[in-house]
Participant: 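Next up is a structure, given as structure tokens.
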Amino acid sequence: MENLKDMHIHIERGPYTLQWIEEFIFAAGKMNMREITLLEHSVRFKEFHPVFKEARDYNNYQKRWFDEKAKTARNVDEFRRLACEVKSREYPVKINFGIEVCWFEQHEKELAGLVADDVFDIVIGSVHWVDNWVFNQRKYQWLGRDIDAIYRRYFEMENTLMQSGIFDVIAHPDLIMCHSLYPSYDLRETYEIFCKTAKKSGVAVEMNTTRGTKTGLNDDFLKTALREGVRFSTGSDAHCPEDVGKGIKEATELICHR
């Protein structure tokens with residue numbers, strides 16, 4: 001395969017050591033990746049914690065989740081030292097360092113300032129919270145909620161994420177379907193608006209293969225994205241070395257040959 005890239009790899013399960021990072025690099029080499037991006041979620045950095053305030057305070061579950069994450073949070077400078085150490089060496093794979101940022105519209109200005117740090121080669125934006133409510137962690141959290149309204153607001157937030165000018169890539173744009181709960185209305189118009197926004201803003205649409213799918217997007221979404229000519233990014237969303245590159249070849253083939 002010509003130019004395989006895994007642009008969404010999380011390193012959070014290990015220490016900031018060269019030995020840990022090289023496990024990802026060597027795994028990428030075995031999978032014939034030409035380029036990778038090593039990331040942290042924004043909640044992993046103490047500097048980003050103020051933008052999670054409303055989400056943390058939303059309910060007790062989210063408070064416990066955030067407080068647990070905060071126990072092992074790091075400073076961006078630690079990440080910078082790691083990136084500098086890795087980049088001072090030569091590897092057969094091109095290595096970027098980046099961040100996956102949870103999008104909170106009310107903190108657009110603060111987020112823009114935080115991601116401007118030059119340690120982040122790639123800035124990925126994602127919607128995990130719909131108006132401060134986390135939708136993707138537990139299916140039971142949807143009980144009693146208006147699915148149609150959640151979908152509409154989710155895609156509104158994805159569009160504002162892309163329009164903000166902050167991000168290079170939008171991650172797993174159909175994550176809202178993670179619990180196999182679907183709206184009563186046809187999403188094709190929603191996908192068209194999304195793709196036109198992506199193309200106008202220049203944000204790459206991620207083909208995320210973490211769920212083991214070959215496309216990274218559902219069929220209707222992918223067909224619309226291809227028709228509208230969006231720019232794509234491919235990412236495994238790996239959290240351990242053995243998952244690096246999974247599904248990337250198949251996703252790349254779909255982008256290139258359809």
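The first residue in the sequence is number 1, and the count goes up from there.
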Participant: Would Thr72 and Arg44 count as a side-chain hydrogen bond (donor to acceptor under 3.5 Å, both in side chains) if you check the C-alpha gap in whole Å, the side-chain angles of each, and the deciding distance to 0.1 Å?
Facilitator: CA-CA 7 Å; Thr72 56; Arg44 296 278 299 154; 3.0 Å; yes
Participant: Using the rule given for side-chain contact (heavy atoms from CB on, under 4.5 Å), can you reason through Asp131 versus Tyr58, listing the C-alpha separation, both sets of side-chain angles and the distance that settles it, and then say yes or no?
Facilitator: CA-CA 10 Å; Asp131 293 329; Tyr58 188 89; over 6 Å; no
Participant: Kindly say whether Asn218 contributes a backbone atom to a donor-acceptor pair with the side chain of Asp174 at under 3.5 angstrom?
Facilitator: yes
Participant: Can you name the nearest heavy-atom pair linking Val86 to Ile25, along with the distance?
Facilitator: CG1-CD1, 4.3 Å
Participant: Using the rule given for salt bridge (charged side-chain N to carboxylate O under 4.0 Å, His left out), can you reason through Asp121 versus Lys87, listing the C-alpha separation, both sets of side-chain angles and the distance that settles it, and then say yes or no?
Facilitator: CA-CA 12 Å; Asp121 302 311; Lys87 290 183 176 184; 2.6 Å; yes
Participant: Compare every heavy atom of Tyr91 with every heavy atom of Leu18, then report the nearest pair and how far apart it is.
Facilitator: CD1-OH, 3.5 Å
Participant: Kindly indicate whether the side chain of His172, heavy atoms from C-beta on, has any atom under 4.5 Å from the side chain of Ser126.
Facilitator: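 The answer is yes; the side chains approach within 4.5 Å.
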Participant: Going from CD1 on Ile176 to OG1 on Thr190, what distance comes out if it is rounded to the nearest 0.5 angstrom?
Facilitator: 11.5 Å
Participant: Quick check for you: to the nearest 0.5 Å, what is the distance between Glu100 atom CD and Ser42 atom OG?
Facilitator: 7.5 Å
Participant: Parallel under 30°, tilted from 30 to 60°, perpendicular over 60°: which one fits the rings of Phe24 and Trp20?
Facilitator: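 The arrangement is perpendicular - the two ring planes meet at more than 60°.
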Participant: Starting from the C-alpha separation in whole Å, work towards a yes-or-no answer on side-chain hydrogen bond (donor to acceptor under 3.5 Å, both in side chains) for Thr160 and Trp103.
Facilitator: CA-CA 9 Å; Thr160 61; Trp103 176 235; 3.0 Å; yes
Participant: How many angstroms lie between NZ in Lys30 and CG in Asn32, if you round to the nearest 0.5 Å?
Facilitator: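 Result: 12.0 Å between the selected atoms.
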Participant: Hey, quick one: are Phe167 and Val205 part of the same hydrophobic cluster, counting side-chain heavy atoms closer than 4.5 Å, chains of contacts allowed?
Facilitator: yes
Participant: Salt bridge (charged side-chain N to carboxylate O under 4.0 Å, His left out), that's the test. Do Asp77 and Arg80 meet it? Break it down for me.
Facilitator: CA-CA 5 Å; Asp77 278 345; Arg80 187 191 322 281; 3.1 Å; yes
Participant: First locate atom CE of Met31, then atom CG of Asp243, and finally report the distance between them rounded to the nearest 0.5 Å.
Facilitator: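 Reported to 0.5 Å precision, the distance equals 9.5 Å.
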Participant: Determine whether the side chains of Tyr191 and Glu228 contain a donor N or O and an acceptor N or O closer than 3.5 Å.
Facilitator: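 Side-chain D/A pair, Tyr191 to Glu228: absent.
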Participant: Check whether Asp146 reaches the backbone of Ala149 with its side chain - one donor and one acceptor, N or O, closer than 3.5 Å.
Facilitator: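 Confirmed, Asp146 side chain pairs with Ala149 backbone.
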Participant: Would Ile193 and Phe155 count as a side-chain contact (heavy atoms from CB on, under 4.5 Å) if you check the C-alpha gap in whole Å, the side-chain angles of each, and the deciding distance to 0.1 Å?
Facilitator: CA-CA 9 Å; Ile193 293 170; Phe155 280 102; over 6 Å; no
Participant: Do Arg56 and Lys69 have side-chain heavy atoms sitting under 4.5 Å apart?
Facilitator: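 SC-SC contact between Arg56 and Lys69 ruled out.
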Participant: Working to the nearest 0.5 angstrom, can you tell me the gap between Met33 CE and Ile95 CD1?
Facilitator: 14.0 Å
Participant: Is any side-chain heavy atom of Thr209 closer than 4.5 Å to a side-chain heavy atom of Asp237?
Facilitator: no
Participant: Do Lys223 and Glu192 sit within salt-bridge range, that is, some charged N less than 4.0 Å from a carboxylate O?
Facilitator: no
Participant: Holding to ring pair (Phe, Tyr, Trp, His ring centres under 6.0 Å), I want the full list of residues that pass it with Phe52, two or more places apart in sequence or in another chain.
Facilitator: Phe66, Phe104
Participant: Taking only Lys NZ, Arg NE, NH1 and NH2, and the carboxylate oxygens of Asp or Glu, determine whether Glu156 and Arg153 approach each other closer than 4.0 Å.
Facilitator: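 Looking at Arg153 together with Glu156, the answer is yes, because their closest N to O distance falls below 4.0 Å.
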Participant: In the structure I gave you, are the side-chain heavy atoms of Met7 and Ile36 within less than 4.5 Å of one another anywhere?
Facilitator: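 Sidechains of Ile36 and Met7: no contact.
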Participant: Any chain of hydrophobic side-chain contacts (each under 4.5 Å) joining Val101 to Val127?
Facilitator: yes
Participant: Salt bridge or not between Asp6 and Lys246? Use side-chain N to carboxylate O under 4.0 Å.
Facilitator: no
Participant: Kindly check if the number of other-residue, nucleotide or ligand heavy atoms within 6.0 Å of NZ (Lys53) is above 12?
Facilitator: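 Atom NZ in Lys53 is not packed in, count stays at 12 or less.
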Participant: Around Arg227, counting heavy atoms of other residues, nucleotides and ligands shown, do more than 12 lie under 6.0 Å from its CZ?
Facilitator: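 Enclosed: over 12 neighbouring heavy atoms sit under 6.0 Å from CZ of Arg227.
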Participant: Tell me the closest heavy-atom pair linking Ala198 and Val230, and the distance in Å.
Facilitator: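 Looks like CB-CG1, 4.4 Å.
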Participant: Looking at side-chain heavy atoms only, is the closest gap between Glu253 and Lys249 below 4.5 Å?
Facilitator: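 They are in contact (side-chain heavy atoms under 4.5 Å apart), so the answer is yes.
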Participant: If we only count heavy atoms from C-beta on, is the Ile147 to Tyr182 side-chain gap below 4.5 Å?
Facilitator: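 Ile147 vs Tyr182: side chains apart.
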Participant: Could you go step by step and tell me if Asp57 and Gln62 meet the side-chain hydrogen bond (donor to acceptor under 3.5 Å, both in side chains) rule?
Facilitator: CA-CA 7 Å; Asp57 294 342; Gln62 292 178 194; over 6 Å; no
Participant: Does NZ or CZ of Arg74 lie under 6.0 Å from the centre of the six-membered ring of Tyr16, at an angle within 45° of the ring axis?
Facilitator: yes
Participant: Can we call the ring centroids of Phe97 and Phe120 under 6.0 Å apart?
Facilitator: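 Between Phe120 and Phe97, which both carry aromatic rings, the centre distance is not below 6.0 Å.
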Participant: So, Phe221 versus Phe194, ring centres under 6.0 angstrom or not?
Facilitator: yes
Participant: So, the side chain of His10 versus the backbone of Cys240: is there a donor-acceptor pair under 3.5 Å, distance only?
Facilitator: no
Participant: What distance separates His128 NE2 from Tyr154 OH, expressed to the nearest 0.5 Å?
Facilitator: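 The distance works out to 8.0 Å.
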Participant: Side-chain donor-acceptor pair under 3.5 Å between Gln137 and Tyr61, yes or no?
Facilitator: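 Their side chains do contain a donor-acceptor pair, which is all the 3.5 Å distance test asks for.
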Participant: Using side-chain hydrogen bond (donor to acceptor under 3.5 Å, both in side chains), reason through Asn96 and Thr37 one step at a time and then give a plain yes or no.
Facilitator: CA-CA 4 Å; Asn96 308 297; Thr37 300; 3.3 Å; yes
Participant: Is the shortest distance from a Lys or Arg side-chain nitrogen in Asp67 or Lys71 to a carboxylate oxygen in the other one below 4.0 Å?
Facilitator: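 A salt bridge is absent here (no side-chain N lies under 4.0 Å from a carboxylate O).
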Participant: On a heavy-atom basis, which atom in Ser236 and which in Ile9 lie closest, and how many Å separate them?
Facilitator: OG-CG1, 4.3 Å
Participant: At their closest point, which heavy atom of Leu111 faces which heavy atom of Cys102, and how far apart are they?
Facilitator: CD1-O, 4.0 Å
Participant: With side-chain contact (heavy atoms from CB on, under 4.5 Å) as the criterion, how do Phe48 and Ile99 come out once you've worked through the C-alpha distance, each side chain's angles and the decisive distance to 0.1 Å?
Facilitator: CA-CA 11 Å; Phe48 284 79; Ile99 185 168; 3.5 Å; yes
Participant: Are Val43 and Phe79 linked, directly or through intermediate hydrophobic residues, by side-chain heavy-atom contacts shorter than 4.5 Å (ILVMFWY only)?
Facilitator: yes
Participant: Begin with the C-alpha distance, continue with both residues' side-chain angles, and end with the deciding distance and a verdict on side-chain contact (heavy atoms from CB on, under 4.5 Å) for Val119 and Val76.
Facilitator: CA-CA 8 Å; Val119 69; Val76 172; 3.9 Å; yes
Participant: Using ring pair (Phe, Tyr, Trp, His ring centres under 6.0 Å) as the criterion, list what pairs up with His107, not counting sequence neighbours.
Facilitator: none
Participant: Measure up the Trp129 and Trp65 rings against each other and bin them: parallel (under 30°), tilted (30 to 60°), perpendicular (over 60°).
Facilitator: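 If you compare the ring of Trp129 with that of Trp65, the planes turn out perpendicular.
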Participant: Does any non-hydrogen side-chain atom of Thr197 lie less than 4.5 Å from one of Gln163?
Facilitator: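 Yes, side chains in contact.
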Participant: Minimum heavy-atom separation for Ala171 to Glu206, with atom names?
Facilitator: CA-OE1, 3.4 Å
Participant: Is it true that His239 and His8 have ring centroids separated by less than 6.0 Å?
Facilitator: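 Centroid separation for His239 and His8: 6.0 Å or greater.
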Participant: State whether the number of non-hydrogen atoms from other residues, nucleotides or ligands found under 6.0 Å of Arg145 atom CZ is greater than 12.
Facilitator: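 Correct, the count exceeds 12.
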